[in-house]
Enquirer: 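Structure provided below as C-alpha coordinates; questions to follow.
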Amino acid sequence: MKMKISEMFEQAGIDTDAIPYEEDQTVDKEIIRRLVMRKIGNPSAITSDSFAGSKKISVKIALVAAAVAATMMSAYAVNAATGGKLYGAILLNKENRHIAERPNYASMQEVSKGEVSESPSGKPVLTSSIIQASQLRTLNAGSVTNIAVSEKAGKITIPELFTNNGDLVIFTKADGSGWRLNKGEQLSIGFRLDLQTRKKYSDPTGEWMEIGYIRNGELVKGFAKKEKEFSYKITADEPGDYYFYAENYSAGYIIVSSGTIE
(Lines give C-alpha, C1' and ligand atoms only; values in the text may rest on other atoms or scores of the structure.)
Protein backbone atom coordinates (compact mmCIF):
# COMPACT_ATOMS: atom_id res chain seq x y z
CA MET A 1 0.00 0.00 0.00
CA LYS A 2 1.36 3.40 -1.01
CA MET A 3 0.82 6.37 1.27
CA LYS A 4 1.91 9.99 1.02
CA ILE A 5 4.04 11.39 3.83
CA SER A 6 1.31 13.91 4.64
CA GLU A 7 -1.26 11.08 4.95
CA MET A 8 0.93 9.28 7.50
CA PHE A 9 0.89 12.35 9.74
CA GLU A 10 -2.86 12.86 9.23
CA GLN A 11 -3.67 9.27 10.23
CA ALA A 12 -1.39 9.62 13.22
CA GLY A 13 -3.33 12.73 14.30
CA ILE A 14 -0.32 15.01 13.87
CA ASP A 15 -0.85 18.49 12.46
CA THR A 16 2.54 19.38 10.96
CA ASP A 17 1.49 23.02 10.52
CA ALA A 18 1.16 23.32 14.28
CA ILE A 19 4.70 22.15 14.93
CA PRO A 20 7.10 25.03 15.53
CA TYR A 21 10.68 24.40 14.51
CA GLU A 22 13.93 26.22 14.04
CA GLU A 23 16.83 25.45 11.72
CA ASP A 24 19.85 23.93 13.41
CA GLN A 25 22.91 24.89 11.35
CA THR A 26 25.20 22.67 13.43
CA VAL A 27 23.28 19.61 12.21
CA ASP A 28 24.04 17.72 15.41
CA LYS A 29 22.46 14.26 15.13
CA GLU A 30 21.58 14.08 18.82
CA ILE A 31 19.95 17.48 18.78
CA ILE A 32 17.91 16.51 15.71
CA ARG A 33 16.82 13.25 17.38
CA ARG A 34 15.68 15.05 20.52
CA LEU A 35 13.99 17.77 18.48
CA VAL A 36 11.99 15.27 16.42
CA MET A 37 10.88 13.30 19.46
CA ARG A 38 9.84 16.48 21.23
CA LYS A 39 7.80 17.63 18.23
CA ILE A 40 6.10 14.26 17.84
CA GLY A 41 5.08 14.42 21.48
CA ASN A 42 3.96 18.07 21.32
CA PRO A 43 0.29 18.19 22.44
CA SER A 44 -0.38 21.22 20.21
CA ALA A 45 0.43 19.08 17.19
CA ILE A 46 -2.46 16.70 17.89
CA THR A 47 -5.73 17.81 16.30
CA SER A 48 -9.00 16.97 18.01
CA ASP A 49 -10.85 16.23 14.77
CA SER A 50 -8.22 13.65 13.90
CA PHE A 51 -9.81 11.27 16.40
CA ALA A 52 -13.35 11.33 15.01
CA GLY A 53 -14.60 7.75 14.98
CA SER A 54 -11.49 6.47 16.72
CA LYS A 55 -10.47 6.42 20.38
CA LYS A 56 -6.78 5.91 19.88
CA ILE A 57 -4.03 6.52 17.35
CA SER A 58 -2.70 3.61 15.37
CA VAL A 59 0.62 2.82 17.03
CA LYS A 60 2.03 1.44 13.79
CA ILE A 61 1.16 4.56 11.78
CA ALA A 62 2.47 6.81 14.56
CA LEU A 63 5.80 5.00 14.58
CA VAL A 64 6.07 5.22 10.81
CA ALA A 65 5.27 8.92 10.97
CA ALA A 66 7.96 9.42 13.60
CA ALA A 67 10.51 7.60 11.46
CA VAL A 68 9.57 9.65 8.43
CA ALA A 69 9.80 12.83 10.49
CA ALA A 70 13.32 11.89 11.57
CA THR A 71 14.34 11.28 7.97
CA MET A 72 12.77 14.58 6.93
CA MET A 73 14.74 16.42 9.59
CA SER A 74 17.94 14.81 8.33
CA ALA A 75 17.11 15.73 4.76
CA TYR A 76 16.16 19.25 5.90
CA ALA A 77 19.59 19.72 7.43
CA VAL A 78 21.27 18.64 4.20
CA ASN A 79 18.84 20.82 2.26
CA ALA A 80 19.99 23.87 4.22
CA ALA A 81 23.61 23.10 3.42
CA THR A 82 22.98 22.59 -0.29
CA GLY A 83 21.23 25.90 -0.89
CA GLY A 84 17.71 24.49 -1.11
CA LYS A 85 18.17 21.19 -2.96
CA LEU A 86 17.16 17.77 -1.66
CA TYR A 87 18.29 16.01 -4.82
CA GLY A 88 20.47 16.65 -7.87
CA ALA A 89 24.11 17.61 -8.32
CA ILE A 90 25.44 20.64 -6.45
CA LEU A 91 28.52 22.84 -6.50
CA LEU A 92 30.85 22.29 -3.56
CA ASN A 93 32.21 25.23 -1.58
CA LYS A 94 33.61 25.96 1.89
CA GLU A 95 30.14 26.27 3.42
CA ASN A 96 28.71 22.93 2.25
CA ARG A 97 31.82 20.80 1.74
CA HIS A 98 31.20 18.93 5.00
CA ILE A 99 28.25 17.05 3.46
CA ALA A 100 30.61 15.40 0.95
CA GLU A 101 32.24 13.51 3.81
CA ARG A 102 29.05 11.89 5.05
CA PRO A 103 27.33 8.62 4.11
CA ASN A 104 24.57 8.80 1.52
CA TYR A 105 21.26 10.21 2.68
CA ALA A 106 17.81 9.30 1.39
CA SER A 107 16.27 12.29 -0.33
CA MET A 108 12.51 12.68 -0.54
CA GLN A 109 9.91 15.00 -1.95
CA GLU A 110 6.61 15.83 -0.23
CA VAL A 111 3.61 15.75 -2.55
CA SER A 112 0.45 17.80 -2.11
CA LYS A 113 -2.95 16.28 -2.88
CA GLY A 114 -3.59 16.15 -6.60
CA GLU A 115 0.09 16.44 -7.54
CA VAL A 116 2.22 13.75 -9.14
CA SER A 117 5.89 13.26 -8.30
CA GLU A 118 6.40 10.15 -10.40
CA SER A 119 5.33 8.94 -13.81
CA PRO A 120 2.96 5.92 -14.06
CA SER A 121 6.04 3.70 -14.45
CA GLY A 122 7.37 4.86 -11.09
CA LYS A 123 10.28 6.81 -12.58
CA PRO A 124 10.95 10.39 -11.43
CA VAL A 125 9.65 13.11 -13.73
CA LEU A 126 12.68 14.88 -15.18
CA THR A 127 12.75 18.44 -16.49
CA SER A 128 15.36 20.10 -18.68
CA SER A 129 15.58 23.17 -20.88
CA ILE A 130 18.25 21.46 -22.99
CA ILE A 131 17.18 17.84 -23.55
CA GLN A 132 14.09 17.16 -25.64
CA ALA A 133 11.02 16.39 -23.52
CA SER A 134 10.27 13.20 -25.46
CA GLN A 135 13.74 11.83 -24.72
CA LEU A 136 13.65 12.87 -21.06
CA ARG A 137 10.84 10.38 -20.49
CA THR A 138 13.10 7.53 -21.64
CA LEU A 139 16.09 8.34 -19.41
CA ASN A 140 16.86 6.39 -16.25
CA ALA A 141 18.52 9.35 -14.53
CA GLY A 142 17.28 10.48 -11.12
CA SER A 143 17.85 14.17 -11.77
CA VAL A 144 19.10 16.58 -14.44
CA THR A 145 21.12 19.64 -13.41
CA ASN A 146 22.76 22.32 -15.52
CA ILE A 147 26.24 23.26 -14.30
CA ALA A 148 27.87 26.40 -15.68
CA VAL A 149 31.61 26.31 -16.31
CA SER A 150 33.88 29.29 -15.76
CA GLU A 151 36.06 30.90 -18.39
CA LYS A 152 39.19 32.89 -17.64
CA ALA A 153 41.98 33.87 -20.02
CA GLY A 154 40.47 31.62 -22.66
CA LYS A 155 40.49 28.53 -20.41
CA ILE A 156 37.16 26.83 -19.67
CA THR A 157 37.14 25.22 -16.22
CA ILE A 158 34.67 22.75 -14.70
CA PRO A 159 33.88 23.54 -11.03
CA GLU A 160 34.00 21.06 -8.16
CA LEU A 161 30.79 19.01 -8.13
CA PHE A 162 29.00 16.69 -5.74
CA THR A 163 26.73 14.07 -7.34
CA ASN A 164 24.64 11.16 -6.15
CA ASN A 165 23.67 7.95 -7.94
CA GLY A 166 21.62 8.80 -11.02
CA ASP A 167 22.44 12.51 -11.06
CA LEU A 168 22.96 13.71 -14.64
CA VAL A 169 24.95 16.92 -15.09
CA ILE A 170 24.88 19.06 -18.24
CA PHE A 171 27.83 21.41 -18.62
CA THR A 172 26.95 24.83 -20.04
CA LYS A 173 28.61 28.16 -20.63
CA ALA A 174 28.22 30.85 -17.95
CA ASP A 175 25.05 32.16 -19.64
CA GLY A 176 23.51 28.68 -19.84
CA SER A 177 24.12 28.23 -23.55
CA GLY A 178 26.04 25.46 -25.29
CA TRP A 179 28.89 25.43 -27.79
CA ARG A 180 27.94 26.36 -31.35
CA LEU A 181 29.81 24.01 -33.69
CA ASN A 182 29.91 23.72 -37.44
CA LYS A 183 30.06 20.31 -39.08
CA GLY A 184 33.52 18.81 -38.62
CA GLU A 185 34.53 21.00 -35.65
CA GLN A 186 35.66 19.26 -32.45
CA LEU A 187 35.06 19.72 -28.75
CA SER A 188 36.65 17.82 -25.85
CA ILE A 189 36.10 17.41 -22.14
CA GLY A 190 38.31 16.05 -19.35
CA PHE A 191 37.86 15.85 -15.58
CA ARG A 192 39.22 14.10 -12.51
CA LEU A 193 37.44 12.54 -9.54
CA ASP A 194 38.20 13.32 -5.91
CA LEU A 195 38.57 9.89 -4.28
CA GLN A 196 40.28 11.18 -1.13
CA THR A 197 37.56 13.27 0.52
CA ARG A 198 35.32 10.20 0.69
CA LYS A 199 38.19 7.72 0.99
CA LYS A 200 36.18 5.61 3.44
CA TYR A 201 33.42 5.08 0.87
CA SER A 202 35.15 5.58 -2.51
CA ASP A 203 36.70 2.86 -4.65
CA PRO A 204 40.42 3.71 -5.04
CA THR A 205 40.38 2.27 -8.56
CA GLY A 206 37.74 4.77 -9.69
CA GLU A 207 33.96 5.20 -10.01
CA TRP A 208 31.40 4.43 -12.71
CA MET A 209 30.16 7.33 -14.86
CA GLU A 210 28.49 7.71 -18.23
CA ILE A 211 29.79 10.44 -20.54
CA GLY A 212 28.13 11.77 -23.67
CA TYR A 213 26.87 14.89 -25.37
CA ILE A 214 23.67 16.67 -26.35
CA ARG A 215 23.28 17.78 -29.96
CA ASN A 216 20.45 20.19 -30.77
CA GLY A 217 18.39 18.82 -27.87
CA GLU A 218 19.15 15.14 -28.53
CA LEU A 219 21.15 13.26 -25.91
CA VAL A 220 23.78 11.01 -27.49
CA LYS A 221 25.42 8.43 -25.20
CA GLY A 222 29.18 8.13 -25.43
CA PHE A 223 30.42 5.49 -23.01
CA ALA A 224 30.12 4.25 -19.44
CA LYS A 225 33.13 2.99 -17.55
CA LYS A 226 34.94 3.00 -14.23
CA GLU A 227 37.83 5.45 -14.05
CA LYS A 228 39.65 7.97 -11.88
CA GLU A 229 39.81 10.42 -14.78
CA PHE A 230 37.55 10.82 -17.80
CA SER A 231 38.16 12.36 -21.22
CA TYR A 232 36.01 12.49 -24.33
CA LYS A 233 36.24 14.23 -27.70
CA ILE A 234 33.49 14.66 -30.26
CA THR A 235 33.38 15.79 -33.87
CA ALA A 236 30.21 17.62 -34.88
CA ASP A 237 28.31 15.62 -37.49
CA GLU A 238 25.94 18.52 -38.09
CA PRO A 239 25.91 22.23 -37.21
CA GLY A 240 24.21 23.24 -33.99
CA ASP A 241 24.45 23.64 -30.23
CA TYR A 242 26.45 21.01 -28.34
CA TYR A 243 26.78 20.24 -24.62
CA PHE A 244 28.68 17.56 -22.71
CA TYR A 245 26.96 15.59 -19.96
CA ALA A 246 28.10 13.20 -17.24
CA GLU A 247 25.93 10.85 -15.19
CA ASN A 248 26.79 9.23 -11.87
CA TYR A 249 26.58 5.46 -12.48
CA SER A 250 27.99 4.43 -9.11
CA ALA A 251 26.09 3.18 -6.08
CA GLY A 252 26.78 6.37 -4.13
CA TYR A 253 28.31 9.82 -4.18
CA ILE A 254 30.96 10.98 -6.65
CA ILE A 255 32.97 14.20 -6.39
CA VAL A 256 34.25 15.76 -9.60
CA SER A 257 37.29 17.69 -8.44
CA SER A 258 38.22 19.65 -11.56
CA GLY A 259 38.19 19.58 -15.34
CA THR A 260 38.29 21.51 -18.59
CA ILE A 261 36.40 21.83 -21.86
CA GLU A 262 38.22 22.88 -25.00
Side-chain angles (χ1 to χ4, degrees), residues 2 5 27 67-68 70-93 96-111 117-119 121-128 130-131 135-147 158-171 189 191-214 219-230 232 243-259:
K2 293 184 177 180
I5 296 171
V27 197
V68 170
T71 304
M72 289 180 68
M73 288 298 294
S74 176
Y76 175 78
V78 175
N79 185 42
T82 59
K85 294 185 67 176
L86 283 177
Y87 59 93
I90 62 170
L91 296 176
L92 282 180
N93 52 48
N96 66 14
R97 189 171 181 78
H98 61 280
I99 68 173
E101 302 173 0
R102 298 181 175 179
N104 287 26
Y105 70 94
S107 62
M108 62 174 64
Q109 181 180 6
E110 171 64 300
V111 180
S117 65
E118 294 184 342
S119 65
S121 64
K123 296 179 180 179
V125 177
L126 304 177
T127 60
S128 173
I130 298 175
I131 303 174
Q135 191 173 25
L136 275 174
R137 292 191 288 269
T138 68
L139 300 182
N140 290 320
S143 69
V144 176
T145 305
N146 295 350
I147 296 294
I158 295 173
E160 189 174 27
L161 303 175
F162 186 52
T163 69
N164 199 356
N165 167 261
D167 287 344
L168 187 151
V169 172
I170 301 175
F171 298 104
I189 184 174
F191 59 85
R192 295 179 295 278
L193 304 186
D194 174 2
L195 302 175
Q196 292 301 310
T197 298
R198 296 179 52 78
K199 188 175 181 179
K200 180 179 179 181
Y201 311 103
S202 298
D203 187 330
T205 64
E207 298 289 359
W208 279 93
M209 297 198 80
E210 178 181 280
I211 313 298
Y213 64 97
I214 300 163
L219 184 146
V220 180
K221 296 183 179 180
F223 62 86
K225 62 180 180 179
K226 182 179 182 181
E227 296 286 352
K228 298 178 181 179
E229 298 184 18
F230 293 84
Y232 186 44
Y243 303 79
F244 281 115
Y245 80 85
E247 182 178 347
N248 182 334
Y249 257 36
S250 76
Y253 293 140
I254 290 179
I255 301 173
V256 175
S257 62
S258 62

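We number each residue from 1, following the sequence as shown. The analysis underlying the following values was restricted to heavy atoms, covering all of them including side chains, and did not include hydrogens, waters or symmetry mates. Small disclaimer: the values here were computed from a predicted structure and weren't measured.
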Enquirer: Has Asn248 got a side-chain atom pairing as donor or acceptor with Gly252's backbone, closer than 3.5 angstrom?
Expert: yes
Enquirer: Decide if the gap between the ring center of Phe171 and the ring center of Phe244 is smaller than 6.0 angstrom.
Expert: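 No: the rings miss the under 6.0 Å criterion.
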Enquirer: How far apart are the closest heavy atoms of Phe191 and Met209, and which atoms are they?
Expert: CE1-SD, 3.8 Å
Enquirer: Where is the tightest heavy-atom contact between Tyr253 and Pro103, given as atom of each residue plus distance?
Expert: CE1-O, 3.7 Å
Enquirer: Does any part of the side chain of Leu193, heavy atoms only, come nearer than 4.5 Å to the side chain of Glu229, both counted from C-beta?
Expert: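 With C-beta onward as the side chain, the pair stays apart.
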Enquirer: Side-chain contact test, heavy atoms from C-beta onward, threshold under 4.5 Å: evaluate it for Leu161 versus Val169 and give yes or no.
Expert: yes
Enquirer: Atom CD1 in Ile90, atom CD in Glu160: separation rounded to 0.5 Å?
Expert: 10.0 Å
Enquirer: As a quick check of understanding, evaluate side-chain contact (heavy atoms from CB on, under 4.5 Å) for Lys221 and Tyr213, giving each step before the final call.
Expert: CA-CA 7 Å; Lys221 296 183 179 180; Tyr213 64 97; over 6 Å; no
Enquirer: Measure across Gly88 and Ser143 and return the closest heavy-atom pair with its distance rounded to 0.1 Å.
Expert: CA-OG, 3.3 Å
Enquirer: Do the side chain of Ser128 and the main chain of Ile130 share a donor and acceptor less than 3.5 angstrom apart?
Expert: yes
Enquirer: Just by distance, do the side chain of Asn93 and the backbone of Asn96 share a donor-acceptor pair under 3.5 Å?
Expert: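 Indeed, once roles are kept as given, a pair shorter than 3.5 Å links the two residues.
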Enquirer: If you look at every heavy atom in Thr145 and Ala89, which pair is closest and at what distance?
Expert: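 Answer, listing the atom of Thr145 first, then Ala89: OG1-N, 3.5 Å.
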Enquirer: Could you pull out all residues at least two apart from Glu210 that satisfy side-chain hydrogen bond (donor to acceptor under 3.5 Å, both in side chains)?
Expert: Tyr245, Tyr249
Enquirer: Side chains of Arg192 and Ser257: any donor to acceptor distance under 3.5 Å?
Expert: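 Judged by distance alone, the side chains do not pair up.
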Enquirer: Among Ile131, Asn140, Leu136, whose side chain to side chain contact (heavy atoms under 4.5 Å, CB included) with Leu126 holds?
Expert: Leu136
Enquirer: With under 30° as parallel and over 60° as perpendicular, where do the rings of Phe223 and Tyr232 fit, or are they tilted in between?
Expert: perpendicular
Enquirer: Identify the heavy atoms of Asp203 and Leu195 that sit nearest to each other, and give their distance.
Expert: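 Heavy atoms only, the tightest pair is O-CD1, 3.7 Å.
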Enquirer: Stepwise, does the side-chain contact (heavy atoms from CB on, under 4.5 Å) test hold for Ile189 with Ile158?
Expert: CA-CA 9 Å; Ile189 184 174; Ile158 295 173; 3.8 Å; yes
Enquirer: Run the side-chain contact (heavy atoms from CB on, under 4.5 Å) check on Arg198 and Ile255 step by step: do they pass?
Expert: CA-CA 8 Å; Arg198 296 179 52 78; Ile255 301 173; 4.0 Å; yes
Enquirer: Please give me the minimum heavy-atom distance between Ile254 and Trp208, naming the atom from each residue.
Expert: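 Heavy-atom minimum between the residues: CD1-O, 3.5 Å.
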Enquirer: To the nearest 0.5 angstrom, please state how far the CD1 atom of Ile214 sits from the CG atom of Leu219.
Expert: 5.0 Å
Enquirer: Under the 3.5 angstrom rule, does the side chain of Asn165 hit a backbone N or O of Ser250 as a donor-acceptor pair?
Expert: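 Present.
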Enquirer: One thing to verify: whether Lys228 and Glu207 come together as a salt bridge, which I'm taking to mean a side-chain N less than 4.0 angstrom from a carboxylate O.
Expert: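 The answer is no: the pair does not qualify as a salt bridge.
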Enquirer: Do Tyr201 and Glu101 have side chains that approach each other closer than 4.5 Å (heavy atoms only, starting at C-beta)?
Expert: no
Enquirer: Does the side chain of Ile170 reach to within under 4.5 Å of the side chain of Val144, using non-hydrogen atoms?
Expert: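 Side chain of Ile170 against side chain of Val144, heavy atoms only: contact under 4.5 Å found.
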